Number of protein chains: 2
Amino acid sequence: MIVKGKNVVYRLDGKLYHCPMDITMKYIGGKWKAVVLWYLKGGTLRFAELKKRIPAITEKMLSIQLHTLEADGLIERKVYGSKPPVRVEYSLTEFGKTLIETLNAISKWGRNLGANRGELVELQEK
Amino acid sequence: MIVKGKNVVYRLDGKLYHCPMDITMKYIGGKWKAVVLWYLKGGTLRFAELKKRIPAITEKMLSIQLHTLEADGLIERKVYGSKPPVRVEYSLTEFGKTLIETLNAISKWGRNLGANRGELVELQEK
DNA sequence: CTGAATCCTCAACGATACTG
DNA sequence: CAGTATCGTTGAGGATTCAG
């Protein structure tokens with residue numbers, strides 16, 4: 001706990017944090033991580049399935065996010081088969097699942113805003 | 001609402017979002033905004049008071065964050081006095097207060113992680 | 001006291017092509 | 001299928017100085 005009036009910080013993985021917000025943001029911040037986690041919250045997904053759900057992401061960025069999330073212990077990567085085409089599945093770890101409540105709160109706020117102030121658009125099939 | 005199987009997105013301020021996570025992250029993403037909002041959640045604060053609570057931020061970045069948050073309608077800026085030194089106070093707007101639940105969730109997760117995996121450090125006074 | 005202005009760096013992000 | 005390699009771009013963030 002942060003003690004009022006004291007100059008106290010957290011050290012985590014050798015890095016100092018003055019605020020818990022910072023810590024969480026290290027894990028889900030950036031342009032893509034929260035979105036990837038959001039879709040994995042629904043269950044195991046393969047690379048191409050994630051790409052399909054997040055059309056705007058490039059394969060490179062998706063690859064980087066997945067490796068980062070795995071290194072952070074939030075997701076698990078399972079490879080099936082040794083010769084291409086291989087099958088790779090991604091899913092939340094138990095640690096990653098502790099984020100679900102937080103992810104829900106973030107999504108809920110965005111959904112409300114989109115519903116109240118935004119406009120729904122149906123895209124044409126290409 | 002996102003309709004399953006349909007290619008539906010939100011349009012908000014002229015920008016398209018495929019995912020509610022994206023929307024929220026536009027408002028609280030980046031290195032500083034969530035932290036600033038977190039401290040303003042506790043009540044009205046002046047520029048120097050915010051700076052004191054977020055030692056790592058530069059005045060430039062704090063200034064930018066505050067203007068961005070104000071432009072997004074999340075915080076309110078009140079100026080007292082016309083001749084320097086002026087007094088400027090920042091506080092959450094009603095719209096900004098709708099984020100409190102989300103901010104709490106984010107902070108809670110970070111606090112738990114800091115408590116479980118991190119280490120508490122007491123800094124020396126300079 | 002509260003910033004704005006300037007200049008700078010660097011990491012995140014992106015487009016495209018290629019591969020085990 | 002699931003990426004990696006390479007190169008290019010962009011913009012967030014930072015250091016410093018100056019101003020109402």
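Keep in mind the model is a prediction, meaning the values are calculated, not measured. Each chain gets a letter, A, B and so on, in the order its sequence line appears, and its residues count up from 1.
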B:Y90 vs A:W32, nearer the 5' end of DNA chain C by closest nucleotide: B:Y90
Which sits closer to the 5' end of DNA chain C, A:P85 or A:I57, going by the nucleotide each is nearest to?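 Per heavy-atom nearest nucleotide, the more 5' residue is A:I57.
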Using a 4.0 Å heavy-atom cut-off across all strands, classify A:G81 as base, sugar-phosphate, or nothing.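 The residue A:G81 makes no contact with any strand.
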Within the 4.0 Å heavy-atom criterion, would you say B:Y80 contacts the bases, only the backbone, or no part of the nucleic acid? nothing
Strictly below 4.0 Å, heavy-atom distances to any atom of DNA chain D: list the hits from residues 59-72 of chain A, or just say none.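 Within residues 59-72 of chain A, the residues near DNA chain D are A:E59, A:K60, A:S63, A:H67.
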[atom1] of [X] versus [atom2] of [N]: gap in Å, rounded?
{"X": "A:K31", "N": "D:dT10", "atom1": "NZ", "atom2": "C1'", "answer": "10 Å"}
{"X": "B:M25", "N": "D:dA12", "atom1": "CE", "atom2": "C1'", "answer": "17 Å"}
{"X": "A:K52", "N": "D:dC1", "atom1": "NZ", "atom2": "P", "answer": "12 Å"}
{"X": "A:K51", "N": "D:dT4", "atom1": "NZ", "atom2": "P", "answer": "15 Å"}
{"X": "A:E89", "N": "D:dA2", "atom1": "CD", "atom2": "C1'", "answer": "13 Å"}

Which donor-acceptor pairs under 3.5 Å do the side chains of residues 66-79 of chain B make with protein atoms, sequence neighbours left out?
| from | atom 1 | to | atom 2 | distance (Å) |
| --- | --- | --- | --- | --- |
| B:T68 | OG1 | B:I64 | O | 2.8 |
| B:R77 | NE | B:Y90 | OH | 3.2 |

Heavy-atom side-chain proximity of [X] to [Y] below 4.5 angstrom:
{"X": "A:I106", "Y": "B:M25", "value": "yes"}
{"X": "A:L37", "Y": "A:Y27", "value": "no"}
{"X": "A:Y10", "Y": "B:V121", "value": "no"}
{"X": "A:F95", "Y": "B:L113", "value": "yes"}
{"X": "B:T98", "Y": "A:W109", "value": "yes"}

When you check the phosphate oxygens OP1 and OP2 of D:dG3, does a side-chain N or O of A:R87 lie under 4.0 Å from one of them? no
Would you grab the first and last nucleotide of DNA chain C (5' to 3') that comes under 4.0 Å of any non-hydrogen atom in chain A? C:dC13 to C:dG20
State which residues pass salt bridge (charged side-chain N to carboxylate O under 4.0 Å, His left out) with A:E101; sequence neighbours excluded, sorted by chain then number. B:K108
Please list, chain by chain and in numerical order, all residues satisfying salt bridge (charged side-chain N to carboxylate O under 4.0 Å, His left out) with B:E89, sequence neighbours excluded.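 With neighbours one apart ignored, the set is B:R87.
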Keeping to residues at least two apart or across chains, list the side-chain hydrogen bond (donor to acceptor under 3.5 Å, both in side chains) pairs with something in residues 35-53 of chain A. A:K41-A:N104
Which nucleotide wins on minimum distance to the side chain of B:T58, given the candidates D:dA2, D:dG13, D:dA15?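 In terms of side-chain proximity for B:T58, the closest of D:dA2, D:dG13, D:dA15 is D:dA15.
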